[in-house]
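These notes are about the structure you will find just below.
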Amino acid sequence: MQGRNALWMPGMDHAGIATQNVVERQLQAEGTSREALGRDAFLKRVWQWKEKSGGTIMSQLKRLGASCDWERQRFTMDEGLSEAVREVFVRLHEDGLLYRGERLINWCPRCLPALSDIEVEHEESTGKLYTVRYPLADDPSHYLLIATTRPETLLGDTAVAVHPEDDRYRHLIGKRVRLPLTTRAIPIVGDSILVDREFGTGAVKITPAHDFNDFEAGERHGLRRIKMMDIHAHLRTEGTLADPDVIQAVEGLPVAKARPKIEHLLTDRGLLEKSEPHKMALGKCYRCKTIVEPLLSDQWFVKTKPLAAPAIQAVEDGRVRIIPEAWTNNYLGWMRDIKDWCVSRQIWWGHQIPAWYCEACYGTAFLRRASDGAPLIPSDASVIVAKTKPAACAKGHSDALVQDPDVLDTWFSSALWPFSTLGWPQQTAELKTFYPTSTLVTGLDILFFWVARMIMMGLKFMGEVPFRDVYIHALVRDAEGQKMSKSKGNVIDPLHVMEQYGTDALRFTMAAMASPGRDVKLAEERIEGYRNFTNKIWNAARFILMHLEGERVAVRPDQRSFPDRWILSRLNATIRAVTHELEQYRFDRASSALYQFIWHEYCDKYIEMIKPDLKDTAAEHAQATRHTLAETFETMMRLLHPFMPFITEAIWQTLPHEGASIVRRSYPTVQPDWDDTEAEEEFALLEECRGLMNQERAILNYPAGKRLHFDVFGKTQEIRDVLNKHKALIEHMENVENLRVGIPQDNIVHLLTLTGDSVESATTMEDADLEKVRENVGKQIAVLEKEVARITQKLDNPDFVAKAPPEVLTEHRDRLQRESRMSHLLQQALRQIDWSSSERKHSQPS
RNA sequence: GGGCGGAUAGCUCAAUUGGGAGAGCGCUGCCCUUACAAGGCAGAGGUCACAGGUUCGAUCCCUGUUCCGCCUACCA
């Protein structure tokens, strides 16, 4: 609508692990499995599922009225995007930023593939801290006390560490201990990094194959790595030299079952010193909440440090702006401490890694997994990385090439999205036009998963940042403030909400609640409130259509009626505010400006003001007013359209308009000749009158419908002129007859007078319940006197008078004057009430 | 353990250069007044979490405390 060349490209990633899980569950229900199907047939099934159900998000977007470029829809598994993935993989490898190695990685024993660090959620839980006796090899009567939360892993221990400067243990370094439950003896090493003297016993076991810190300690001390678990996190004792009865007790058991057995065995042998409750943060799979196990395996890693450096720079120097800014430090902190990124996943659905290994060169045939025939590539097999399958290996073997069975992390392809979707690696026109893009809108929860990686990849392969602004939107939570999740079952389906309240109401609610840095608790009352707002707009439109019959004449703004000039000026202010706030990503302020204007200025005031003109066909301004009415409402619909696309289009079509659709019309811009400070000031004066009159009605307890006589007094001649000019309007708006305009005066008999800044207003109180009035007035006076005392006290303070800015001083003095005058007037009214009631008493026979 | 954010009307949330605290919903009263009862008009309701400090003056700035979220971390 603003005439910019905008591209909103819709699309999806392939959600590797999640999608594979879903399809595998289907297969399970059918009594089969992916292994039984085989890789190719399985992938066909996944594609089928994707075609069928993958459109849900797209249809939700469409229902929400998202104006995407639907023709350009992209999917990370599309051929073009897959080509980009292969290109990037090969180039990262060439540049030494990609390597394969045996490392410890987070492993979900249920989902089976590797997880990256950030796919692991930490959850506080209470476990036990066991203290185990490790007898010294050369003197079994003495032992070292080792603290551990995972006693079953001791089968994989290859050393014990103490702090090199710990006097308790220093003399033991270099000696050996007998590893409980096994026939092995392991060394005692000194390690100041691993060991915290203060914690536990100050001595710690090292299990390099099953713990990240221990892995690194193992590297430092050249320790052997003994794997004692399989991919399902079931204990495998082969190679641990465990005692036969231990093997019998725990072989093949999952961790949870093995731990008590080990505890039992240790106790039986008098090797368990004690166990006590212990709080710790357990790593769990973010998807299925299974406890994650560190697992030793061959994986592909992206070396992230060199990529992160320019990505940090880009945010530091403002080429990428994160909004709200508060998240910037979050991003920088994470990037500065970034770990290498494990990108291989042991699943089938995804981009299969473009790496090949030559069995002939390796010398012996690769082992193949019995279940699915996947080759198990040895760590030392030489690798050929290429975009397509090589014809032959370096030594000319052509028929012994085996492709890496693993696929890439979904985020690997997502990271390329800003340019892969525009045709890269081809230098397309789209890429030239739209890269770098302007804004990425996303949730905080994927700032690291996605945003950080897009910036790294964009800088590496395009040489430019992928986007200028990153707008972090709020996360929508349920009414209790809980994050929505399928497993908790508290997910609010937007389709359902749209069904119930309408899409426009949902959209407007989201916009209104999008205060920066704050999550949205989706409260139904709020949606309902904005549903009512749409209803209000609809009814206003009906009213307008009813009154548009007849000539409409466009007149210069400054020659229109007072209400017309006023509403044009207000509309202009609203256009200014909405445009400004949208540019600042303040959707909350933009929507509240619209709400305030449409309901409280346009409907409550403007429409009410012009009713006399519309009903009286002979009215002076009728033709011009009808024009203004159509003009302002049409403009208002365009201004509101991005927030409420459906109702605005529907109404717009019924209004006088040009063009086929509101979407194709321009967004309203500020019109200099609509600004009218005079009209706004005059309106403010009328509002002041209105306020005083309402207050009087309230004090006198008069019913809303009662027509009253009012006198209004302008404090200057100029004000009185304005009041006289709008006398009829005031009478109409305030349900008043025979309004009289005069000069303020004291001692008016039988009248209740109130004062404002510019005007005073008086009305008769004879019809009122004087007792009630006395009470109300008394309350008012008390409030006023309190305020008067407060301001007086401030003004009596010489420091305040000396140091406060002059405008604050005058403002205080004006206020004091007004409040004391008001109090004076009310006391006067009180005296009159007393006088009247005594009159009444006297007139009655005793 | 570290970092960040929040604590304002019964509820959901606003309030940037420190100077009389706002909205929506809910509540109370009166109104089916020919656009709108999903509405109109009016009203009640707040020691701005707590304790100090800076200042003429603090919801706002500083310090500390409590409670609630989130992120992050290897304390075995």
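Given the structure is predicted, the values throughout are model-derived calculations rather than measurements. Just so we're on the same page: letters track the sequence lines, and every chain starts at 1.
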If you measure from the [atom1] atom in [N] to the same atom in [M], how many Å do you get, rounded?
| N | M | atom1 | result |
| --- | --- | --- | --- |
| B/C60 | B/C48 | P | 10 Å |
| B/C11 | B/C4 | C1' | 27 Å |
| B/G57 | B/G52 | P | 16 Å |
| B/C13 | B/U59 | C1' | 15 Å |
| B/G39 | B/G24 | P | 12 Å |
| B/C74 | B/G6 | C1' | 30 Å |
| B/A37 | B/C31 | C1' | 10 Å |
| B/A23 | B/C62 | C1' | 31 Å |

Would you say the ring centers of A/Y501 and A/Y530 fall short of 6.0 Å from each other?
no
Let me know, please, whether A/K536 or A/V204 comes out on the 5' side of the other along RNA chain B by nearest nucleotide.
A/K536
Given RNA chain B, 5'-ward residue of the pair A/K794 and A/D211, judged by closest heavy atom
A/K794
Closest to the [X] side chain, choosing from [options]:
| X | options | value |
| --- | --- | --- |
| A/D604 | B/C74, B/C41, B/C36 | B/C41 |
| A/N213 | B/C56, B/A42, B/C74 | B/C74 |
| A/D196 | B/A76, B/C41, B/G19 | B/A76 |
| A/I607 | B/C56, B/A35, B/A76 | B/A35 |
| A/N694 | B/A76, B/A42, B/C71 | B/A42 |
| A/T149 | B/C41, B/A76, B/A42 | B/A76 |
| A/H122 | B/A35, B/A73, B/G20 | B/A73 |

Cationic N near anionic O, under 4.0 Å, A/E734 to A/R697:
no
Are A/R815 and A/E811 ion-paired here, with the side-chain N under 4.0 Å from a carboxylate O?
yes
Integer-rounded Å distance: [N] [atom2] and [X] [atom1]:
| X | N | atom1 | atom2 | result |
| --- | --- | --- | --- | --- |
| A/L708 | B/C41 | CG | P | 17 Å |
| A/F215 | B/A76 | CZ | C1' | 18 Å |
| A/R150 | B/C74 | CZ | P | 14 Å |
| A/N532 | B/G40 | CG | C1' | 14 Å |
| A/M546 | B/C36 | CE | P | 7 Å |
| A/N535 | B/G39 | CG | P | 7 Å |
| A/Y530 | B/G24 | OH | P | 9 Å |
| A/K605 | B/A35 | NZ | P | 18 Å |

So, is [X] close to the [N] phosphate, meaning a side-chain N or O under 4.0 Å from OP1 or OP2?
| X | N | value |
| --- | --- | --- |
| A/H278 | B/C75 | no |
| A/K611 | B/U33 | no |
| A/N330 | B/C4 | no |
| A/W599 | B/G40 | yes |

All N/O pairs under 3.5 Å across the protein-nucleotides 12-18 of chain B interface:
from	atom 1	to	atom 2	distance (Å)
B/U12	O2	A/R526	NH1	2.9
B/A14	OP1	A/S515	OG	3.3
B/A14	OP2	A/R518	NH1	2.5
B/A14	O5'	A/S515	OG	3.2
B/A15	OP1	A/R586	NH2	3.3

Mate of [N] where both pairing distances stay under 3.5 Å, Watson-Crick or G-U:
| N | value |
| --- | --- |
| B/C4 | B/G69 |
| B/C50 | B/G64 |
| B/U59 | none |
| B/C27 | B/G43 |

Pick base, sugar-phosphate or nothing for [X], based on heavy-atom distances below 4.0 Å to the nucleic acid.
| X | result |
| --- | --- |
| A/R690 | sugar-phosphate |
| A/P805 | base |
| A/Y595 | sugar-phosphate |
| A/L194 | base |
| A/G202 | base |
| A/R815 | base |
| A/E608 | base |
| A/H210 | nothing |
| A/K615 | nothing |
| A/E528 | nothing |

Quick check: are there more than 12 heavy atoms from other residues, nucleotides or ligands sitting under 6.0 Å from CD of A/E737?
yes
Would one find more than 12 heavy atoms of other residues, nucleotides or ligands at under 6.0 Å from atom CD of A/E325?
no
Do A/R697 and B/A42 share a donor-acceptor pair, side chain to base, under 3.5 Å?
no
Check the pair A/F800 / A/H812 against ring-ring contact (aromatic ring centres under 6.0 Å, His included), numbers first and verdict last.
CA-CA 11 Å; A/F800 176 69; A/H812 273 71; 5.1 Å; yes
Is the A/F448 ring parallel, tilted or perpendicular to the A/W334 ring (thresholds 30°, 60°)?
parallel
Students often mix this up, so state it plainly: with edges at 30° and 60°, are the rings of A/W599 and A/Y595 parallel, tilted or perpendicular?
tilted
Counterpart residues, salt bridge (charged side-chain N to carboxylate O under 4.0 Å, His left out), relative to A/E608 (two or more places apart)
A/K611
Can you sort out the partners of A/D157 under side-chain contact (heavy atoms from CB on, under 4.5 Å), two or more places apart, ordered by chain and number?
A/Y134, A/L154, A/L179, A/I186, A/K205, A/T207
Please answer whether the main-chain N or O of A/E819 pairs with a side-chain N or O of A/S823 as donor and acceptor at a distance below 3.5 Å.
no
Checking side chain to side chain contact (heavy atoms under 4.5 Å, CB included) for the pair A/L582/A/F643: CA distance, chi angles, key distance, verdict?
CA-CA 11 Å; A/L582 284 181; A/F643 298 80; 3.8 Å; yes
